[in-house]
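This structure is a prediction, so every number in the text was calculated from the model and none was measured.
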Amino acid sequence: MAAQDPNPPTPTLFGNDALTPPLPTAFMDLQDPRYAYMFGFLQADGHLSRGPGRKGNLTVELNARDVEILREFQRLTPYNSSINTRTRATNFSAERHSVIWALYALEARTILNDIGLPYGRKSTRITPPRIAFSRPDYLRGILDADGSVGYTGQGLPFLSLNHGEHRRRGISVPLHEEGHRR
């Protein structure tokens, strides 16, 4: 009878030791699902601005309840960044609480712009990234930032983008057309 190994490897979900950190991924390697999601989100809800010289920033402002999204972006970004809170009156609420993630590093801003994040507030000129990317995660980032997925009053699924030209024209994309089920 064979002796039992006193220290057998611990099986994990992905076949490696849970305490071993994953291999590092280059900043904004859009084949990494985390960065593809982040990039889609930034295109739909970010504001990349440039100032004189090397000045400028990337900001994202969200409802305070969504702070974990910004904390994850901060963890994924190997550059200094900050998350601050803001309270203000809006047309919809006397007291709206939001969180703002700000990234100032020129190198990071250049990388983001080079792969397709245009300068300007929540730009209406977004296009798919200029490099290989994880398509489902990129689309999920756009939808989480600026879209809606749900069901119509008749129980049919729908997808609506609340962004730029789509919002002005009231365009939505039904996931079901009469007579066509997918």
- Message: With a 4.5 Å cut-off on side-chain heavy atoms, are Met28 and Ile115 touching?
- Response: yes

- Item | Shortest non-hydrogen contact between Leu103 and Asn80, atoms and distance | CD1-O, 3.5 Å

- Message: Is there a side-chain contact between Ile69 and Leu62 in this structure, where contact means two heavy atoms from C-beta onward sitting under 4.5 Å apart?
- Response: yes

- Query: Can you name the residues that form a side chain to side chain donor-acceptor pair (under 3.5 Å) with Asn57, not counting sequence neighbours?
  - Reply: Ser49

- Task: Show your working on side-chain contact (heavy atoms from CB on, under 4.5 Å) between His47 and Val60 and close with a plain yes or no.
- Result: CA-CA 6 Å; His47 177 183; Val60 179; over 6 Å; no

- Task: For the pair Thr152 (side chain) and Gln154 (backbone), establish whether a donor and an acceptor sit closer than 3.5 Å, ignoring hydrogens and angles.
- Result: yes

- Message: Grouping I, L, V, M, F, W and Y whenever their side-chain heavy atoms are under 4.5 Å apart, do Val67 and Ile100 come out in a common cluster?
- Response: no

- Set of side chain to side chain contact (heavy atoms under 4.5 Å, CB included) partners for Asp144, sequence neighbours left out: Tyr37, Phe41, Arg140

- Task: Could you pull out all residues at least two apart from Phe39 that satisfy ring pair (Phe, Tyr, Trp, His ring centres under 6.0 Å)?
- Result: none

- Pairs where residues 72-86 contributes a residue and the test salt bridge (charged side-chain N to carboxylate O under 4.0 Å, His left out) is met, not counting sequence neighbours: Glu61-Arg86, Glu68-Arg75, Glu72-Arg75

- With Asp114 via side chain to side chain donor-acceptor pair (under 3.5 Å) - residues at least two apart: none

- Task: Can you sort out the partners of Tyr151 under side chain to side chain contact (heavy atoms under 4.5 Å, CB included), two or more places apart, ordered by chain and number?
- Result: Pro157

- Residue set satisfying side chain to side chain donor-acceptor pair (under 3.5 Å) with Ser134, at least two apart, ordered chain then number -> Asp137

- Query: Would you say the side-chain atoms of Gln43 pair up with the backbone N or O of Thr127, donor to acceptor, closer than 3.5 Å?
  - Reply: yes

- What ring pair (Phe, Tyr, Trp, His ring centres under 6.0 Å) pairs are there with at least one residue in residues 83-118, not counting sequence neighbours? Phe73-Trp101

- Message: Could you measure the distance from the CG atom of Leu58 to the CG atom of Leu48? Nearest 0.5 Å is fine.
- Response: 6.0 Å

- Kindly give the heavy-atom pair with the smallest separation between Pro118 and Gly116, and that separation in Å. CD-O, 3.1 Å

- With sequence neighbours left out, write down each residue that passes ring pair (Phe, Tyr, Trp, His ring centres under 6.0 Å) with Tyr138, or none if nothing qualifies. Phe133

- Note on the structure: Output for pair (Gln74 CD, Ser82 OG), nearest 0.5 Å, gives 7.5 Å

- Note on the structure: For Ile142 and Ala44 the tightest heavy-atom approach is O-CB, 4.0 Å

- Message: Suppose we screen for side chain to side chain contact (heavy atoms under 4.5 Å, CB included). Which residues come up paired with Leu106, at least two apart in sequence or across chains?
- Response: Arg54, Arg109, Thr110

- Query: What residues, two or more places apart in sequence or in another chain, satisfy side chain to side chain contact (heavy atoms under 4.5 Å, CB included) together with Asn63?
  - Reply: Arg65, Asp66

- Message: How close do Thr59 and Ala102 get, counting heavy atoms only, and between which atoms?
- Response: CG2-CB, 4.1 Å

- Item | Sub-4.5 Å side-chain heavy-atom contact between Met38 and Thr77 | yes

- Tyr35 (side chain) donor-acceptor with Leu76 (main chain) under 3.5 angstrom: yes

